[in-house]
Amino acid sequence: APATVTVSVNGTAWSQTVSIPANTVNASVIIPKSGPEDARIQNEGLFSKGVHIVSDTPIVVYAHQQGSVSSGATMLMPVETFGYTYYSLNFTQISNYPDSYSWFYIIAAENNTRIEITPSDSTEGGWLPGQAYTVNLNKGELYNVFGKKTGAFTGKDMSGSRIVSVTGADGNCHPVAVFS
């Protein structure tokens, strides 16, 4: 079936709606990387800039980013596949590009989402390895964690960091998505 898909960036006014014929691919939605609609997350902490995708029929969504010396891709998951416990899979950051980090972020699909994050190594925000930190998220918010920089082009490997959804203020445990 054909799909009408709206892509938006929470916390900004940017939105784009596309019509996609059945059994085709549309690669023309480009997420803003500058100005007030900039969707990039460039620091550690809490953000409301999650990309939100709504379709009137089930679809498969892939994301691809590219920079001057690197690129990456992922398949995006529908909220029905979100889980409760994750371990981050990363690598020791060694790059030709300054301010590159080993990273992971958590996205909430529901209000009152409480997560417990135990980083495997020190973070840019000052978190210590092996210590649990609690973060509260609401729908559409995300929490980003960066491995601590060890030089202009190197940083800590965050592999093995544990992310667990725990009982929130409403008495429920809410599923989350984690990307790394």
Side-chain angles (χ1 to χ4, degrees), residues 6-16 29-54 61-79 81-83 86-111 113-127 133-165 174-180:
T6 300
V7 180
S8 59
V9 176
N10 298 333
T12 76
W14 185 85
S15 178
Q16 184 175 348
V29 178
I30 298 174
I31 307 297
K33 290 173 45 174
S34 63
E37 282 84 28
D38 190 342
R40 294 174 298 169
I41 303 300
Q42 298 182 356
N43 297 298
E44 185 168 306
L46 178 67
F47 296 91
S48 63
K49 289 198 223 177
V51 175
H52 188 223
I53 302 169
V54 177
V61 179
Y62 295 88
H64 182 257
Q65 71 81 28
Q66 59 190 32
S68 61
V69 295
S70 67
S71 68
T74 188
M75 185 171 124
L76 303 180
M77 307 305 289
V79 294
T81 65
F82 286 14
Y86 294 87
Y87 287 89
S88 180
L89 180 60
N90 302 91
F91 59 92
T92 301
Q93 187 62 49
I94 302 172
S95 174
N96 293 327
Y97 189 76
D99 296 328
S100 296
Y101 299 94
S102 176
W103 56 267
F104 62 90
Y105 63 86
I106 303 98
I107 302 173
E110 301 172 9
N111 289 334
T113 299
R114 180 173 290 155
I115 52 173
E116 192 173 89
I117 303 167
T118 306
S120 62
D121 211 325
S122 52
T123 75
E124 272 297 289
W127 285 2
Y133 298 88
T134 301
V135 174
N136 293 303
L137 300 172
N138 284 313
K139 182 178 181 175
E141 291 182 332
L142 64 91
Y143 197 86
N144 187 53
V145 178
F146 278 152
K148 185 169 182 59
K149 282 177 41 176
T150 56
F153 301 95
T154 60
K156 299 286 189 167
D157 180 358
M158 299 310 294
S159 290
S161 295
R162 185 172 188 245
I163 302 99
V164 179
S165 180
H174 299 281
V176 296
V178 175
F179 292 90
S180 60

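Everything numeric in this text was worked out from a predicted model, so none of it was measured.
- With hydrogens and angles ignored, the 3.5 Å screen pairs a side-chain donor or acceptor of Y86 with a backbone N or O of V176.
- For the pair R114/T134, a side-chain contact is recorded, criterion being any heavy-atom separation below 4.5 Å from C-beta on.
- What you find for Y101 and G147 is that their closest heavy atoms are CD2-O, 3.3 Å.
- For W127, the ring-ring contact (aromatic ring centres under 6.0 Å, His included) test picks out Y133, Y143, with sequence neighbours left out.
- With a 4.5 Å cut-off on side-chain heavy atoms, L76 and F179 count as touching.
- Looking at D157 and D121, their side chains never come closer than 4.5 Å, going by heavy atoms from C-beta outward.
- The backbone N or O of Q42 lies less than 3.5 Å from no partner atom in the side chain of N144, so there is not a single donor-acceptor pair.
- Looking at every heavy atom in both residues, P36 comes nearest to T12 through O-CG2, 3.6 Å.
- Here the side chain of N111 pairs a donor or acceptor atom with the backbone of K139 at under 3.5 angstrom.
- A 4.5 Å side-chain heavy-atom check between H52 and S15 finds every atom pair outside the cut-off.
- Each of V178, V135, L142 was scored for a side-chain contact (heavy atoms from CB on, under 4.5 Å) with I106, with one residue passing: V178.
- Nearest approach of N138 to A108, heavy atoms of both residues: O-CB, 3.6 Å.
- The minimum heavy-atom distance linking S120 with S161 is given by the pair N-OG, 3.0 Å.
- Using a 4.5 Å heavy-atom cutoff, the side chains of T123 and M158 are in contact.
- What you find for A109 and V79 is that their closest heavy atoms are CB-CG1, 3.7 Å.
- Taking the side chain as every heavy atom from C-beta outward, I41 and W103 never approach each other to under 4.5 Å.
- Summarising the geometry, atom CZ belonging to R162 is positioned 12.0 Å from atom CD1 belonging to I117; distances are rounded to the nearest 0.5 Å.
- For residues 34-45, the salt bridge (charged side-chain N to carboxylate O under 4.0 Å, His left out) pairs, not counting sequence neighbours, are D38-R40.
- Put simply, CZ on F91 and OG on S102 are 7.0 Å apart, with the number rounded to the nearest 0.5 Å.
- Closest heavy-atom contact between S88 and I163: N-CD1, 4.3 Å.
- Put simply, the side chain of E124 gets close to the backbone of K149: a donor and an acceptor are under 3.5 Å apart.
- The closest donor-acceptor contact from the side chain of S48 to the backbone of N10 lies at 3.5 Å or more, if one exists at all.
- The closest donor-acceptor contact from the side chain of S180 to the backbone of L89 lies under 3.5 Å.
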